[in-house]
Chemist: 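This is the structure I want to talk about, given as structure tokens.
Numbers for residues simply follow the sequence, beginning at 1. Atoms within a ligand are numbered from 1 in the order they appear, just like the ligands themselves.
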Amino acid sequence: MSIKKIVLATKNKGKVKEIQQALKELGIEIVEIEGDFSPEENGATFKENAYIKAYEAAKIENLPALADDSGLEVDALDGRPGIHSSRYANTDKERIQKLVKEITESPKKEKSARFKCEMVLASPSGETLYSSTGTCEGEIIDTPCGTNGFGYDPVFYIKGFNATMAEINLEQKNKISHRGKALKSMIDWLKAQK
Ligand code: ITT
């Protein structure tokens, strides 16, 4: 099966940038979904929510659709915000403030955390063509640093870079991030279909 065009099942501009950058080597046309797109993410896992988004976009556009469901799991918060990372508060700034406050108030003092990403490529008939996953380990710091990326990136510190995820550039983030790792596997699968 040769895939010539894929629609991205996301309205998150940060994700769109990272996914487009990673997929450009493939020579597949990548299009964004137009208009309102907010399917109810009522799955119990990242993977279920990724499938819900991918299938919905694939049906709307009648194209294979790629969805990313991701989030941050913080050990001091027993894995929260997890699949609720987007709904944790209204803006990136408020999400970060709430996260730092909750960790400070937590009896557990672990700073360790990880980003997780589940990616699903679904067909308009609802078939999962391929799915992949990625994890990125780090630590949550109290003071936001950096302006790149999106979401919790300014407080997600990566030891190997001695920097936050918001202080490294797009190419570097794609090499090490949860999304970048899930994309690598997706790219290998797409290449094998040609
Ligand atoms: P779509 O559902 O439209 O894709 P969303 O932002 O609502 O967009 P999710 O439901 O997957 O996406 O929620 C993921 C949230 O987890 C996201 O809004 C960020 O707050 C956080 N997150 C995921 N990946 C991240 C990253 O690479 N850097 C920082 N924060 C990230």
Chemist: Which residue and non-hydrogen atom of the protein lie closest to atom 24 (N) of ligand 1, and at what distance in Å?
Modeler: Arg179 NH2, 2.9 Å

Chemist: Using a strict 4.0 Å cut-off to heavy atoms of Asp68, name the atoms of ligand 1 that fall inside it.
Modeler: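 That gives atoms 4 (O), 11 (O) of ligand 1.
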
Chemist: Between His178 and Lys116, is there a side-chain heavy-atom distance shorter than 4.5 Å?
Modeler: no

Chemist: Need the ligand 1 atom indices (1-based, order shown) with element for anything under 4.0 Å from a heavy-atom of Asp69.
Modeler: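 By the 4.0 Å cutoff, the relevant atoms are 9 (P), 10 (O), 11 (O).
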
Chemist: Among Ala57, Ser86, Ser38, whose heavy atom sits nearest atom 15 (C) of ligand 1?
Modeler: Ser86

Chemist: Assigning hydrophobic clusters by single linkage (Ile, Leu, Val, Met, Phe, Trp, Tyr; side-chain heavy-atom cutoff under 4.5 Å), is Ile60 placed with Ile6?
Modeler: no

Chemist: Any idea which atoms of ligand 1 are less than 4.0 Å away from a heavy-atom of Gly151?
Modeler: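 Once the distances to Gly151 are compared, the set is 29 (C), 30 (N).
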
Chemist: Atom 25 (C) of ligand 1: which of Phe150, Phe37, Phe156, Tyr88 has the nearest heavy atom?
Modeler: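 Ranked by closest heavy atom to atom 25 (C) of ligand 1, first place is Phe150.
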
Chemist: Can you tell me which residue and heavy atom of the protein come closest to atom 30 (N) of ligand 1, and the distance to 0.1 Å?
Modeler: Tyr152 N, 3.1 Å

Chemist: Inspect the surroundings of NZ in Lys11 and state if more than 12 heavy atoms from other residues, nucleotides or ligands are less than 6.0 Å away.
Modeler: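 Check passes, neighbour count above 12.
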
Chemist: I need the nearest protein heavy-atom contact for atom 1 (P) of ligand 1: residue, atom name and distance, please.
Modeler: Thr10 OG1, 3.4 Å

Chemist: Verify, without hydrogens or angle tests, whether Tyr152 (side chain) and Ser85 (backbone) share a donor-acceptor contact under 3.5 angstrom.
Modeler: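 Side chain of Tyr152 to backbone of Ser85, a donor-acceptor pair under 3.5 Å: yes, one is there.
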
Chemist: Take a 6.0 Å sphere around NZ of Lys101 and say whether it holds more than 12 heavy atoms from other residues, nucleotides or ligands.
Modeler: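 No, not enclosed.
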
Chemist: Report the nearest protein non-hydrogen atom to atom 28 (N) of ligand 1: residue, atom name, distance rounded to 0.1 Å.
Modeler: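 For atom 28 (N) of ligand 1, the nearest protein heavy atom comes out as Asp153 OD1, 2.6 Å.
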
Chemist: Check contact between Arg87 and ligand 1, using heavy atoms of the residue and a distance below 4.0 angstrom.
Modeler: no

Chemist: Which protein heavy atom lies closest to atom 14 (C) of ligand 1, and at what distance to 0.1 Å?
Modeler: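 Result for atom 14 (C) of ligand 1: Ser70 O, 3.0 Å.
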
Chemist: For Tyr51, does the six-membered ring have the charged nitrogen or CZ of Lys47 within the cation-pi criterion, i.e. under 6.0 angstrom from the centroid and within 45° of the normal?
Modeler: no

Chemist: How about NZ on Lys109, more than 12 heavy atoms from neighbouring residues, nucleotides or ligands closer than 6.0 Å, or not?
Modeler: yes

Chemist: Does Leu72 reach ligand 1, in the sense of a heavy atom lying below 4.0 Å from it?
Modeler: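 For ligand 1, residue contact (heavy atoms, under 4.0 Å) with Leu72 is absent.
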
Chemist: Are the charged groups of Lys15 and Asp69 less than 4.0 angstrom apart, N to O?
Modeler: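 Between Asp69 and Lys15 there is no salt bridge, as every charged N stays at least 4.0 Å from the carboxylate O atoms.
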
Chemist: Hydrophobic clusters here meaning ILVMFWY residues chained together by side-chain heavy-atom distances under 4.5 Å, can you tell me if Ile33 and Ile30 are in one?
Modeler: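 No, no single cluster joins them.
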
Chemist: Has Lys15 got any heavy atom lying under 4.0 angstrom from an atom of ligand 1?
Modeler: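 The answer is yes, since Lys15 has a heavy atom less than 4.0 Å from ligand 1.
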
Chemist: Apply the side chain to side chain donor-acceptor pair (under 3.5 Å) test between Gln21 and each candidate in Lys17, Lys24, Glu25; give the one that qualifies.
Modeler: Lys24

Chemist: Between the candidates Leu8, Asn12, Ile33, which shows the shortest non-hydrogen contact distance to atom 8 (O) of ligand 1?
Modeler: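 Ranked by closest heavy atom to atom 8 (O) of ligand 1, first place is Asn12.
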
Chemist: Considering only heavy atoms, which of Glu18, Lys173, Lys53, Met165 lies nearest to atom 26 (C) of ligand 1?
Modeler: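 Ranked by closest heavy atom to atom 26 (C) of ligand 1, first place is Lys173.
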
Chemist: Would you check if there is a donor-acceptor pair between the side chains of Tyr157 and Asn162 at a distance under 3.5 Å?
Modeler: yes

Chemist: Would you mind checking which non-hydrogen protein atom is closest to atom 10 (O) of ligand 1, with the distance to 0.1 Å?
Modeler: Glu41 OE1, 3.1 Å

Chemist: Who's the nearest protein heavy-atom neighbour of atom 3 (O) of ligand 1, and how far?
Modeler: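 Protein heavy atom at minimum distance: Lys11 N, 3.0 Å.
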
Chemist: In ligand 1, which numbered atoms sit nearer than 4.0 Å to a non-hydrogen atom of Ser85?
Modeler: 15 (C), 16 (O), 20 (O)

Chemist: Please confirm whether Asp92 comes within less than 3.5 Å of ligand 1 when only nitrogen or oxygen atoms on both sides are compared.
Modeler: no

Chemist: Decide whether the shortest distance between a heavy atom of Gly71 and an atom of ligand 1 is less than 4.0 Å.
Modeler: yes

Chemist: For the hydrophobic clusters of this structure (ILVMFWY residues joined by side-chain heavy atoms under 4.5 Å, transitively), does one cluster hold both Phe156 and Phe150?
Modeler: no

